[in-house]
Structure formats: C-alpha cells, structure tokens
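In this chain, numbering begins with 1 at the start of the sequence shown. Computed over heavy atoms, backbone and side chain alike; hydrogens, waters and symmetry mates excluded.
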Amino acid sequence: MPENNFLSGDQEYIEEYFKICELYQNKRIILIKKSKDDVEAFRKNVSELDSTIKTKEVLFWQRVQDSMSKGSKFALEKTASLYGLDIFEKQILLYYLYLEFLHLKENICSRDLLLRIFDLNDSVIGRMGLSRYFNRNANLLKYSILYPYYRNNHNSAVVSFGMSSSLLDVFSRMISGEYKESRPGRAENKKDLHPCEEVGFLKDPAYSLEDVKLSLDVKKNVSFLLSGLQDKGLEDLGVEETIKNGKGLVFLFYGPPGTGKSMLSEAIAKHLKKKLLVVEFPKINSRWFGETDKQISSIFKSAKQNNVVICIDEADSILYNRNFAAQEHDIRFVNIMLQEIERFEGVVILTSNMDNLLDPALERRVTLKVKFDLPDEKIRKEIWRSHIPSKVTLAQGVDFAVLARQFQFSGGYIKNAVFHALRRLVQEKRNIITMNDLLFGASLEQDGIFVKDNKTKIGFFANS
C-alpha cells in the first residue's frame, strides 16, 4: 500500500476530515437556502454532495483504520475512545470542531438540521434512527460533548447544539499529551464511591488567591465575603431571627474559556481549607422520573455533610432560562436548583461561558458576579512569569513583556505555551530556559487550532 494512504499525525487527520466538513457545511447552506421555485436543482445539488461525501467518508475512515493498524495514534481517536464514541458520533464531534474553529458565527446547529445534514441517503427512517444520538442519555449529551440550547419558535420548542468548553479542554489536552483521567460518568463500583462522587468529583485545590491574576478590587471583595462567612459575629447579631434563607455565598464567574474561572474556584476552596466538589451534569441527569430531582438535592446534602465547596461548571446547562425550556421537567430541574441554592448555607460557585442564558431568577441569589475578561498585557506578563518553575533558570534575554505583547493569549494558552517550552528542555536535558524556548512554545500553541482569535489565519488551514 502506498505510503500516502496513511495519515501522518493529528494535523493531517484533522485537515483531511475538515475537507469533508466543508462539504457538510456546503450542504447545510443549501438546506437553509432551499428554494421553492427550483426544487429539481436543489435535489440535484444535495444528491451530488451526498454522493461525494459518502465516497470521501469511506476513504477517510479506511485510512484511519490502516494508519492505526500500523501504530499511529490520533488525539481525536483517543478522545472518542475515552467517551465510547462510534463513527457517527466522531463525525459529529469533528464537524463541531470545524464549526468552532473555522465558522465562529455558525457553531450552533439545530438537531433537525444536523439530521438532514448527516442523512446522506435522504431517508426519513434514517433520520429517525440518527435522532437517538441526541437524546439526553446518549454519549454526546451524557458526557457534555454537545451543549443544548433551547428556544421557542412559533410556539414550538427548538433544540440546538453547540460544543461544550469542557470537551474542547479534553481534546486540547489530548493533543498536548496531558490528559490522563478516566472517562467521566463511569464508576467501577458505585458503592465504593465517596458520597460526593455520585454527583461529581472531589478536588484538592491547588491554587491560592495569590495565584489568581485578577484586579485588586475583585480580590478584595472575594476576601471580604469569605472572611464574613467564617466570622460567627452574625450569629451574635441574631441574624437567624430575620433572615431565614440565602445566608450562604453564591459566586457567579463568567467569561471566555481559559481566563481563570476554575482557578479562582479552587483558590476559594483552598482559602476556606476545604475540598472542591465539581458537579458533573451527566452524573445528575437521569432518564427515570424523579431521579434527577434527587440527584440535584444530593449535591447540596453531600456538600453539607462533607463540608466542601460546590462548583457547578457550565451552570447554564442546568440553570438555563426557563422561557427556553423544551419540557416541563426541565423547568422543574431549574426550580429545584434555585431552591437548593437559596437554602444552602455554604459556598456555591457557578461558572459559565454564556451568562446570558442563565435564568433571571438566579440574579438575586448571586452574592457576587465576577466577569473574567481576556487578560491585558500587564497581566499576561505576570502569567508568563508565574508558570516558570522555581527549579528552572531564566537565561539572559528572556523578556516576558515581549511575549505578553506578541501573543494575546488567555492564561490557559500561556500555560500550554510554557509547558511546550518545558518539554523542549526535558528532551534536550537542560534546566535553563531561553527566550527562544518560550517563543517556540508560544508559536506551537498559536499554530494549533485552539487559538480562537486566529481561527481563519492559522492552524490546519494556514497554507491552504
């Protein structure tokens, strides 16, 4: 078999499938712009695209199989293995990666349109079969790979999907070779789980408030509220007589991925000398009536019994605006969550990339909202410096100001860039880091697909 029948690595894998995704995107455009006046042309265009896509799909997956049989490993295949995805689910995942990084304005797609796009045989029965992949308990939603959006359209509920930031993080770390965790939502033996792990996972916080790069005003407000929580003076004032609920602390951290929301969550738990319970939506969601309600309540019960801080990541997946709820039970879940938050006397941290989707009733229950923006040049400089380990010596000429000015990364991407540079030191058996090492790490990160500000300028299609 000729050498070029094999895929050389992650870049070629993604590049080749993104060419197929471009055909799917062309089909999407045709479906959306369907003309009632020229039905025959519409059918012909769709049919030709379907035929081309089917041929390319078969050839691509054969190449993947042949390459893996020769020992090749791909980040997408590792991710798929982690979540138990079949070929169709991998196709959906790849299509959303394509939308996320090459079509920013079109990275959300309705379920019905997805079914039409991926139905290559124009079969109603086929679309009915594919619809099972978008059920709440199917892998794409159960593991929060896709993120549902609900809206009302002419008095009917429409559900659309976008890619979740948690999946992007997993895939990014797969590409970087960092991801070591087992598949979420699966327990070898449920009775061996810590009570908190039935609704999420416990984490020993690694960061302190000093590690988080935020404005002094925000840190001052956070510290003020935390000190008040630990002070028993409110009890001496007889607050129990007049304030029955809402005596805990509820933080809402919102903003783009990689800007420090999770880091501040850990820092708060560490300041309080507690563990962090990170709630996983797939673990609390159940197809059985009443089970999700019980799991929501168990979040707060377990947190109280074990004296931990609650962190609900991507809170808009469970606290979304009830006006957009598709089912009555979805409204009930939001109601229960709001009630539990108000009754809880500990610390609840909600994080979201899209705070505008949250239910308005949450507003009065939030003690402090913190917006996380992309760091400015001064903070980027501090983040670059803070990621250099103490055992590593800085060579003369290392200029963090230049790095901060040249690469407008969020904190998460800066961390990745430094990590790339440190890998280079290990390979070359050095402990002195140079400016060239850091520029190498930054360029490697920038050349990847996870730099949103440069989606159409760099990455897999940089030379196309």
Side-chain angles (χ1 to χ4, degrees), residues 76 79-100 107-119 127-151 157-171 181-187 198-201 257 278-296 299 312-322 324-334 336-337 350-354 357-359:
L76 192 287
T79 306
S81 177
L82 181 73
Y83 293 100
L85 307 184
D86 64 17
I87 284 185
F88 179 76
E89 290 164 327
K90 288 191 284 187
Q91 291 170 328
I92 293 293
L93 173 53
L94 283 160
Y95 180 64
Y96 269 95
L97 285 171
Y98 171 81
L99 294 181
E100 183 70 20
N107 60 357
I108 297 174
C109 191
S110 73
R111 183 194 61 182
D112 293 342
L113 185 54
L114 278 172
L115 293 174
R116 293 295 305 276
I117 292 170
F118 283 88
D119 170 21
R127 291 195 291 275
M128 291 173 67
L130 293 177
S131 66
R132 72 185 187 278
Y133 286 100
F134 302 99
N135 294 333
R136 280 185 178 273
N137 289 284
N139 289 337
L140 293 172
L141 294 184
K142 179 167 65 175
Y143 295 120
S144 298
I145 293 169
L146 296 186
Y147 182 89
Y149 297 83
Y150 301 96
R151 61 185 176 85
V158 175
V159 60
S160 297
F161 300 100
M163 175 167 282
S164 72
S165 60
S166 58
L167 187 281
L168 292 176
D169 179 61
V170 169
F171 185 43
E181 300 172 29
S182 60
R183 181 169 63 186
R186 299 291 194 198
E198 292 186 11
V199 294
F201 65 90
V278 181
V279 175
E280 296 176 290
F281 181 68
K283 285 188 177 181
I284 64 175
N285 186 40
S286 172
R287 72 174 73 185
W288 306 112
F289 181 79
E291 284 301 310
T292 301
D293 310 49
K294 292 178 183 177
Q295 288 293 82
I296 291 173
I299 295 170
I312 302 177
D313 194 21
E314 293 187 355
D316 35 294
S317 64
I318 188 64
L319 282 164
Y320 47 79
N321 192 320
R322 284 168 288 183
F324 302 140
Q327 303 291 336
E328 184 179 344
H329 59 254
D330 293 327
I331 297 175
R332 188 174 73 250
F333 298 158
V334 177
I336 294 170
M337 183 65 81
L350 310 171
T351 70
S352 174
N353 298 332
M354 293 165 285
L357 296 179
L358 292 166
D359 193 273

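- Between atom OG of residue Ser131 and atom CZ of residue Arg111 there is a gap of 6.5 Å, rounded to the nearest 0.5 Å.
- In this structure, Phe134 and Ile92 approach most closely via the heavy-atom pair CZ-CD1, 4.1 Å.
- Contact of the Leu99 side chain with the Met163 side chain is not registered, since no non-hydrogen atoms from C-beta on lie closer than 4.5 Å.
- Aromatic ring centres of Phe118 and Tyr95 lie closer together than 6.0 Å.
- Separating the CZ atom in Phe88 from the CZ atom in Arg132 is a distance of 8.5 Å, to the nearest 0.5 Å.
- Within the 4.5 Å cutoff, no side-chain heavy atoms of Arg127 are placed close to those of Asp112.
- Going from atom CD1 of Ile145 over to atom CG of Leu85 covers 4.5 Å, rounded to the nearest 0.5 Å.
- Within the 4.5 Å cutoff, the side chain of Leu93 has heavy atoms near those of the Leu76 side chain.
- When side chains are defined from C-beta on, Tyr98 does not count as touching Leu94, because their heavy atoms never get closer than 4.5 Å.
- A donor-acceptor contact shorter than 3.5 Å is absent between the side chain of Asn135 and the backbone of Ala138.
- Annotation for Ser160 and Ser110: closest pair OG-CA, 3.4 Å, computed over non-hydrogen atoms.
- The shortest side-chain heavy-atom distance between Ile108 and Phe161 does not fall under the 4.5 Å cut-off.
- Here CG of Leu146 is found 5.0 Å from CG of Leu140. Values are rounded to the nearest 0.5 Å.
- Side chains of Tyr133 and Asn139: a donor-acceptor N/O pair is absent below 3.5 angstrom, by distance only.
- Counting only heavy atoms from C-beta outward, the side chains of Ile117 and Cys109 approach each other to under 4.5 Å.
- Here the OH-OG1 distance, from Tyr143 to Thr79, works out to 14.0 Å after rounding to the nearest 0.5 Å.
- The CE atom of Met337 sits 8.5 Å away from atom CG of Leu350, with the distance rounded to the nearest 0.5 Å.
- Side-chain contact between Met128 and Leu115: absent, with no pair of heavy atoms (C-beta onward) separated by less than 4.5 Å.
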